[in-house]
Amino acid sequence: MNGNIENNSNKKKIITKYMILYELRNVTGNPFVHIFGVGMPIFMAILITRITISEISDSSVMTTVATSIFLGIGAMIPMATILMGYAVRQAQDYEKGIPERLQLFGIRNYVTICNRVISELLFMAAAFVLYFLAGILFMNLKAPVISGFVLYIVCMLFFSIMCFMLGHAIAALAKRFSLTYCIVMMVYFACMIFGGMMGISYENMPAAMQAVAKLLPVTYFSRDFYTIWTGETYNFVPMIQSYLFFGAVAGILLFIASRRKR
């Protein structure tokens, strides 16, 4: 009797250590996340900073510029590890019919998603640790106030959740690796361009590009977050509006994907 109760309770568990380790092993085995989510942000942050500060003589300005670049390029990590990495892997699973196979063994789709979310967040946290270590060792960064550091982590977390929603919706709608990879790569590089991570600052963009850039949270990481990082007064309304817009787009696509599947 007790054995049956324990078995039933184990079956009802949504999040388990073994599933998290399984999903984490799948995440670390994806070369895309290592290249675009770990190596590329570190390389670009160091390279762009060195090129930019080479023409600046004032040490305080150099620190400001280096910190602004560092905070902005950090947004590449959730875009690569979650938006691109998760979407591509999910599309591969759809192509191979893995969700249907797992359901044959009693593993529901929502169980896989919940454990996959945790594994993606763990990998992203490790990527951020490496990113911050590289910034401390190779870049002259401005020390943050506690509130600025906390807000940076919170904003990145919410942005990561939206990237997960968007990536899942794209994979569920496309259902093919090639098409999903093409779409998420376009979104990835579009966010980098409009977010000012490809050498074109927001102030130097045409009016049409600025209108699009205002709707993306990544713009505020690279343009304004230094103000928050150092504890200065900042108007959060435009940033919140960009989060609402980005979240609404991801939510609508996710709703369409769920209705289509149903």
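Position 1 is the first residue of the sequence; numbering continues from there. Values reported hereafter were calculated over all heavy atoms of this structure, with side chains retained and with hydrogens, waters and symmetry mates removed.
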Are [X] and [Y] side-chain neighbours, meaning at least one heavy-atom pair lies under 4.5 Å?
X: V212; Y: M209; value: no
X: I53; Y: V61; value: no
X: R176; Y: Y94; value: no

For [X], check side chain to side chain donor-acceptor pair (under 3.5 Å) against everything at least two apart and list the hits.
X: S60; result: D58
X: N115; result: none
X: T64; result: Y226

_Pairs satisfying salt bridge (charged side-chain N to carboxylate O under 4.0 Å, His left out), at least one member in residues 210-239, at least two apart_ =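 Residue pairs with at least one partner in residues 210-239: there are none.
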*Please list all pairs passing the salt bridge (charged side-chain N to carboxylate O under 4.0 Å, His left out) test where one or both residues lie in residues 117-141, with sequence neighbours left out.*
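For residues 117-141: R89-E120.
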[Y] backbone acceptor or donor facing [X] side chain under 3.5 Å:
X: H34; Y: T28; result: yes
X: T230; Y: T227; result: yes
X: T180; Y: V88; result: no
X: Q241; Y: L215; result: no

*asked:* Tell me whether the rings of F236 and Y234 are parallel (<30°), tilted (30 to 60°) or perpendicular (>60°).
replied: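 The rings of F236 and Y234 stand perpendicular, inter-plane angle above 60°.
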_Y181 and F177 aromatic ring geometry - parallel, tilted or perpendicular at 30°/60° bounds_ =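 Parallel: the ring planes of F177 and Y181 meet at under 30°.
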Determine all donor-acceptor pairs shorter than 3.5 Å in which one atom belongs to a side chain in residues 186-200; sequence neighbours excluded.
unit_1: Y188; atom_1: OH; unit_2: F36; atom_2: O; d: 3.4

*Listed by chain and number, what are the side-chain contact (heavy atoms from CB on, under 4.5 Å) partners of V117, not counting sequence neighbours?*
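I113, L121, F164.
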*asked:* Per the side-chain hydrogen bond (donor to acceptor under 3.5 Å, both in side chains) rule, what does the pair list look like for residues 191-207, sequence neighbours excluded?
replied: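 Applying side-chain hydrogen bond (donor to acceptor under 3.5 Å, both in side chains) to every pair that reaches into residues 191-207, excluding sequence neighbours, yields S201-N204.
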N/O donor-acceptor pairs under 3.5 Å from side chains in residues 134-154, not counting sequence neighbours:
unit_1: N140; atom_1: ND2; unit_2: T63; atom_2: OG1; d: 3.0
unit_1: Y152; atom_1: OH; unit_2: L71; atom_2: O; d: 2.9

What closest approach, in Å, do [X] and [Y] show between heavy atoms, and which atom pair accounts for it?
X: A127; Y: G37; answer: CB-O, 4.1 Å
X: M79; Y: V218; answer: SD-CG1, 4.1 Å
X: A75; Y: F159; answer: O-CE2, 3.8 Å
X: A91; Y: A171; answer: N-CB, 3.9 Å
X: A257; Y: A172; answer: CB-CB, 3.7 Å
X: G85; Y: V33; answer: CA-CG1, 3.7 Å

*Honestly curious: do F158 and I77 fall in one hydrophobic cluster under the side-chain, below-4.5 Å linking rule?*
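Cluster IDs for F158 and I77 match.
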*Inspect the contact between R116 and D93 and indicate whether a charged nitrogen and a carboxylate oxygen are less than 4.0 angstrom apart.*
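Salt bridge: yes.
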*If a pair satisfies ring pair (Phe, Tyr, Trp, His ring centres under 6.0 Å) and one of its residues is in residues 45-68, list it, with sequence neighbours excluded.*
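Matches after skipping sequence neighbours: none remain.
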Quick one: side chains of residues 242-256, donor-acceptor pairs under 3.5 Å with protein atoms, not counting sequence neighbours, listed by atom name and distance.
unit_1: S242; atom_1: OG; unit_2: M239; atom_2: O; d: 2.5
unit_1: Y243; atom_1: OH; unit_2: C155; atom_2: O; d: 2.8

*asked:* Which residues end up grouped with L133 if you chain together Ile, Leu, Val, Met, Phe, Trp and Tyr wherever their side-chain heavy atoms are less than 4.5 Å apart?
replied: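 Answer for L133: V129.
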